[in-house]
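Only this structure's heavy atoms are used, side chains among them; waters, hydrogens and symmetry mates stay out. These figures come from a predicted structure and were not determined experimentally.
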Amino acid sequence: MTTNTNTTRAHSTGTARLEFAQSAPKAFRALIAFDATAREGLDPALVELIQIRASHLNHCAYCLHMHTNDARKAGESEDRLHMVAVWREARHFFTEREQAALALTEAITLVADAGVPDDVYAQAASLFDERELAQVLALICTINTWNRVALATAKVAGTDER
C-alpha cells in the first residue's frame with residue numbers, strides 16, 4: 001500500500017488513516033461552511049449542548065473533548081456539562097428549549113432506531129420558530145457528520161488543532 005505522508009497518519013493500531021482536511025479540502029471547507037451557517041443566530045450554549053450530546057451518543061471522544069472545552073471557554077458550568085449525558089434525570093439544569101433540543105438531537109442522531117417521534121418534533125417546533133428549528137436541525141446534522149469524520153479517521157481526543 002502506498003500512502004502519502006502528508007495526508008495520512010498512523011492510528012494507534014499502526015493502520016494509516018487519512019487527514020480529511022488535506023485529502024478532501026473542498027469537502028472539508030464545505031462542511032465548515034455548513035457548520036458555521038447552522039450556528040447562525042443560535043445561543044452559543046445551546047450549540048455546545050447539542051454538539052456534546054451528539055458526541056456522547058456517537059462515542060466520539062475527539063469531538064466531546066473539543067466541545068466540552070469550547071463550552072467551558074464560553075462560560076458553561078461544570079455542573080451542566082456533567083449532566084448533559086443524563087439530562088432527562090437532571091432536567092432542572094436545563095431550560096425547556098435546551099431539553100427540547102437535546103431530545104431532538106438524540107432522535108436525529110439515533111434516527112435509525114425509531115425515526116424522529118412526532119412528540120419530540122412537536123415539542124421542539126413549539127419552542128423554536130421555523131428558522132431556529134431549521135438551524136437546530138442543520139447543527140445536529142453537522143455534528144453528526146463531524147463525529148463520523150473524526151471516528152472514521154481515528155482523531156485522538158485532546159489533539160484539536162484549531
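Here the side chain of Ser23 pairs no donor or acceptor atom with the backbone of Phe20 at under 3.5 angstrom. Of the possible donor and acceptor atoms, none in the side chain of Glu76 sits under 3.5 Å from a partner among the backbone N and O of Thr68.
Sorted by first and then second residue, the pairs that involve residues 125-150 and meet salt bridge (Lys or Arg N to Asp or Glu O under 4.0 Å), not counting sequence neighbours, are Arg97-Glu132. The salt bridge (Lys or Arg N to Asp or Glu O under 4.0 Å) analysis of residues 100-119, with sequence neighbours excluded, yields the pairs Arg53-Glu106, Arg88-Glu106.
Nearest heavy-atom pair across Ala157 and Ala61 is CB-O, 3.6 Å. The shortest non-hydrogen separation linking Ala100 to Gln123 is CB-CG, 4.0 Å. In terms of heavy-atom proximity, Gln135 sits nearest to Ala38 at NE2-O, 2.9 Å. Residue Tyr62 comes nearest to Val156 through the heavy atom pair CD1-O, 3.1 Å, listed as atom of the first residue, atom of the second, then distance. Taking both residues in full, the closest heavy atoms of Ile143 and Ala54 are given as CG2-CB, 3.6 Å, listed atom of the first, atom of the second, then distance. Of all heavy-atom pairs between Ile50 and Val136, the closest is CD1-CG1, 3.9 Å.
For the atom pair CD1 of Ile108 and CG of Leu139, the computed distance is 10.0 Å after rounding to the nearest 0.5 Å. Asp160 CG to His67 NE2: the interatomic distance, rounded to the nearest 0.5 Å, is 8.5 Å. Between the CG atom of Leu46 and the CZ atom of Arg39 there is a distance of 11.0 Å, given to the nearest 0.5 Å. With rounding to the nearest 0.5 Å, the separation of CZ in Arg72 from CD in Glu78 is 4.0 Å. Remark: Met66 CE to Trp146 CH2 distance equals 8.0 Å, nearest 0.5 Å. Distance CG/Leu64 to CG/Asn69: 9.5 Å, rounded to 0.5 Å.
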Any chance you could lay out the side chain to side chain contact (heavy atoms under 4.5 Å, CB included) test for Val84 and Phe93, step after step, and finish with the verdict? CA-CA 9 Å; Val84 174; Phe93 282 93; over 6 Å; no
Evaluation steps, side chain to side chain contact (heavy atoms under 4.5 Å, CB included), between Val47 and Asp70: CA-CA 10 Å; Val47 168; Asp70 288 350; over 6 Å; no
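Following chains of ILVMFWY side-chain contacts shorter than 4.5 Å, one cannot reach Leu42 starting from Leu49, and the two form parts of different hydrophobic clusters. By the criterion of side-chain heavy atoms lying less than 4.5 angstrom apart, applied directly or through intervening Ile, Leu, Val, Met, Phe, Trp or Tyr residues, Ile140 is grouped together with Val111 in one hydrophobic cluster. Note on Leu151: it does not cluster hydrophobically with Leu18, by side-chain heavy-atom contacts below 4.5 Å among ILVMFWY residues. Under the 4.5 Å side-chain heavy-atom criterion for ILVMFWY residues, a single connected hydrophobic cluster contains both Leu127 and Val116.
No more than 12 heavy atoms of other residues, nucleotides or ligands sit less than 6.0 Å from atom OH of Tyr121.
In summary, Arg91 and Glu96 do not engage in a salt bridge, as defined by a charged side-chain N under 4.0 Å from a carboxylate O.
The side-chain hydrogen bond (donor to acceptor under 3.5 Å, both in side chains) search around Thr109 returns Asn144, not counting sequence neighbours.
For the pair Ile52 and Arg80, the minimum side-chain heavy-atom distance is 4.5 Å or more. Using a 4.5 Å heavy-atom threshold, the side chains of Glu48 and Pro44 count as separate.
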